[in-house]
**Q** 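Sharing a structure here in structure tokens format.
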2 protein chains.
Amino acid sequence: MVNEKVGRAANPGKRTRLPAAERRAQILTVARDLFVTQGFEQASMRRIADAAGITPTAIYDHFADKEALLTAIAADFFDGLVAAMTVPPDAATDPLDLLRQLMINYVRYGLAHPNEYRLVFMTSLSRFVPTLGHRGLPCAGEVPEDVVQKTVKAMQSFGILQTGIERLVAAGLLRADDPEGFADSVWAMGHGIVSLVITKGDSNFTPIDRWIDTSIGILMDGMRPR
Amino acid sequence: MVNEKVGRAANPGKRTRLPAAERRAQILTVARDLFVTQGFEQASMRRIADAAGITPTAIYDHFADKEALLTAIAADFFDGLVAAMTVPPDAATDPLDLLRQLMINYVRYGLAHPNEYRLVFMTSLSRFVPTLGHRGLPCAGEVPEDVVQKTVKAMQSFGILQTGIERLVAAGLLRADDPEGFADSVWAMGHGIVSLVITKGDSNFTPIDRWIDTSIGILMDGMRPR
DNA sequence: ACCGTAAACTTATCGCTGTTAGGTTAGGTG
DNA sequence: CACCTAACCTAACAGCGATAAGTTTACGGT
């Protein structure tokens, strides 16, 4: 019995020492892995530290608390979401296809990152619901800068959806009743699908592809000028 | 300083002794209250016991574990939800109004009971996602009886929605493409609104009444025969 | 009136959690 | 070589859900 504990650092006596940036990145990597495989509650600081080959307290030199781990992970998630929703406005294709693609990408990306999605869109962690003005516009001075930045990033993906819809309205392809409400409704539909599948599994519903198709169909027809 | 601790039972030495049924009901009452005001994680067994005027362990004589408390509370929630969605099929009014009313009632009820809603529809507690067959039909023998019952109850509200839509399809008021998908999509929209407002607050979105209105409008127009 | 018994409740404790204070060690600079 | 600080550790705290085993209370049968 030389190495009694696997998953710990190889040499118990001689632990590797890393510069802060690398260690931070490594902690994030293993934390993300544990959060995804075991969930936020189950993945304890001790287990994360174990997987990283350090003691739990060392984590606190790189992150304020457990929530900060998730916040950092969520930041990456938002970047990916924005990227996924930034489809090239290829003018050649049908403009309505842009909206369709937007929603498909949103749902796909959400389901591909269920744990991060749950974190940022399905739990009211304090740092994700700061005191905001209408439409999530941060009220300057009330909220720490980094939180504001993250919130802005979060709203960015919604902004893409909203401006997309506004463009279609302007082009006369959608009704002009309530563009803002349209965006909220489209988001609600997409979010509803993602969150239901995340919590209840996909076996209880219409197969996801057909579901998205049907939903988009309803939305398109429902928002078209009569 | 006669009563040093408020919130505890009045007389520390002479605690009231209650028959099981009453105590159980009382525990449920204070637990529901704490869950709603402080959230599930924050409301600890010790705090619940304190508020009930007993020791934490006494709770375990009435409930298997903390989750069982929520399960019991959720059962009441489901009863209320089904009741809220069981609108009298008043044949005199527009049949499409039934669907409209169904969705309004769902959203309203969900927002009126955010903590229970979060529990049953936004978290994957094991007893709410047992191994189920397609469409949530319980596979007999695999799951404890009481869980099956609750799951059935849970699906009942969805069943109301589904049969409502099927009736409208049969009457030719809605397209016949994919009635099952329609029901899922309508639910996704309603659930999306409720869960977004629960996690993000209502200040970031279209005012709730207009939001519901817009959403229902889209759904109706989107499902109508072309 | 007594007594047994079971229901109702408690004490003590376990292993776990996130987190902190303060001490130690290694790597690089003057 | 001496020093300093970044990187990491040990020890510990308060609180968590949960269990085992002990105590008290009320009530039904004799």
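Below, chain A is the first sequence line, B the second, and so on; all start at residue 1. What's counted below: heavy atoms across the whole structure, side chains too, no hydrogens, waters or symmetry copies.
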**Q** Atom CZ of A:R24 and atom C1' of D:dA6: how far apart are they, to the nearest Å?
**A**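 My rounded result for the distance is 16 Å.
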**Q** Should B:W187 and B:F121 be marked as a ring-ring contact (aromatic ring centres under 6.0 Å, His included) after you check the CA-CA gap, both sets of side-chain angles, and the distance that decides it?
**A** CA-CA 12 Å; B:W187 190 20; B:F121 286 134; 5.8 Å; yes
**Q** Atom CG of B:D61 and atom P of D:dT23: how far apart are they, to the nearest Å?
**A**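 Distance check: B:D61 CG to D:dT23 P gives 17 Å.
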**Q** If you compare every side-chain N and O of B:H62 against the phosphate oxygens of C:dA7 (OP1, OP2), does one of them come in below 4.0 Å?
**A**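 So the side chain of B:H62 is outside the cut-off, no N or O lying under 4.0 Å from OP1 or OP2 of C:dA7.
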**Q** Is it possible for you to check whether A:K66 lies under 6.0 Å from the centre of the six-membered ring of A:Y60, through NZ or CZ, and within 45° of that ring's axis?
**A**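 The answer is no, since A:K66 fails at least one limit relative to A:Y60.
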**Q** Using a cut-off of less than 4.0 Å, is there contact between a side-chain N or O of B:R23 and OP1 or OP2 of C:dA8?
**A**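 False: B:R23 side-chain N/O out of range (4.0 Å or more) of C:dA8 OP1/OP2.
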**Q** Taking NZ, NE, NH1 and NH2 as the nitrogens, is one of them in A:R108 or A:D209 under 4.0 Å from a carboxylate oxygen of the other?
**A**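 Salt bridge flag = yes for A:D209 with A:R108.
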**Q** When rounded to the nearest 0.5 angstrom, what distance separates CD in B:E22 from OG1 in B:T29?
**A**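 So the CD of B:E22 and the OG1 of B:T29 are separated by 11.5 Å.
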**Q** Expressed as a whole number of angstroms, how long is the span from A:I54:CD1 to C:dT25:C1'?
**A**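 My rounded result for the distance is 16 Å.
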**Q** Figure out the CZ/P separation between B:R17 and C:dA6, and round it to whole Å.
**A**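 Result: 15 Å.
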**Q** Between the protein and nucleotides 16-19 of chain D, are there any N/O to N/O pairs under 3.5 Å, and if so, what are the atom names and distances?
**A**
unit_1	atom_1	unit_2	atom_2	d
D:dC16	OP1	B:S44	OG	2.9
D:dG17	OP1	B:M45	N	3.4
D:dG17	OP1	B:K66	NZ	2.9
D:dG17	OP2	B:M45	N	2.9
D:dG17	N7	B:R46	NH1	2.7
D:dG17	O6	B:R46	NH2	3.1
D:dA18	OP2	B:Y60	OH	2.9
D:dA18	OP2	B:K66	N	3.0

**Q** Given atom CD1 of A:I59 and atom C1' of C:dT20, what is their separation to the nearest angstrom?
**A**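 Interatomic distance, CD1 of A:I59 to C1' of C:dT20: 14 Å.
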**Q** Between C:dC9 atom C1' and B:D50 atom CG, what is the distance in whole Å?
**A**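 Value for this atom pair: 15 Å.
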**Q** Is any side-chain N of the basic residue among B:D61 and B:R23 closer than 4.0 Å to the acidic one's carboxylate O?
**A**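 Judged by the 4.0 Å cut-off on N to carboxylate O distance, B:D61 and B:R23 do not form a salt bridge.
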**Q** Decide if the gap between the ring center of B:Y117 and the ring center of B:Y109 is smaller than 6.0 angstrom.
**A**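 When the ring centroids of B:Y117 and B:Y109 are compared, they turn out to be at least 6.0 Å apart.
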**Q** Whole angstrom is fine here: how far is it from CD in B:E22 over to C1' in C:dA7?
**A**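 Between C1' of C:dA7 and CD of B:E22: 14 Å.
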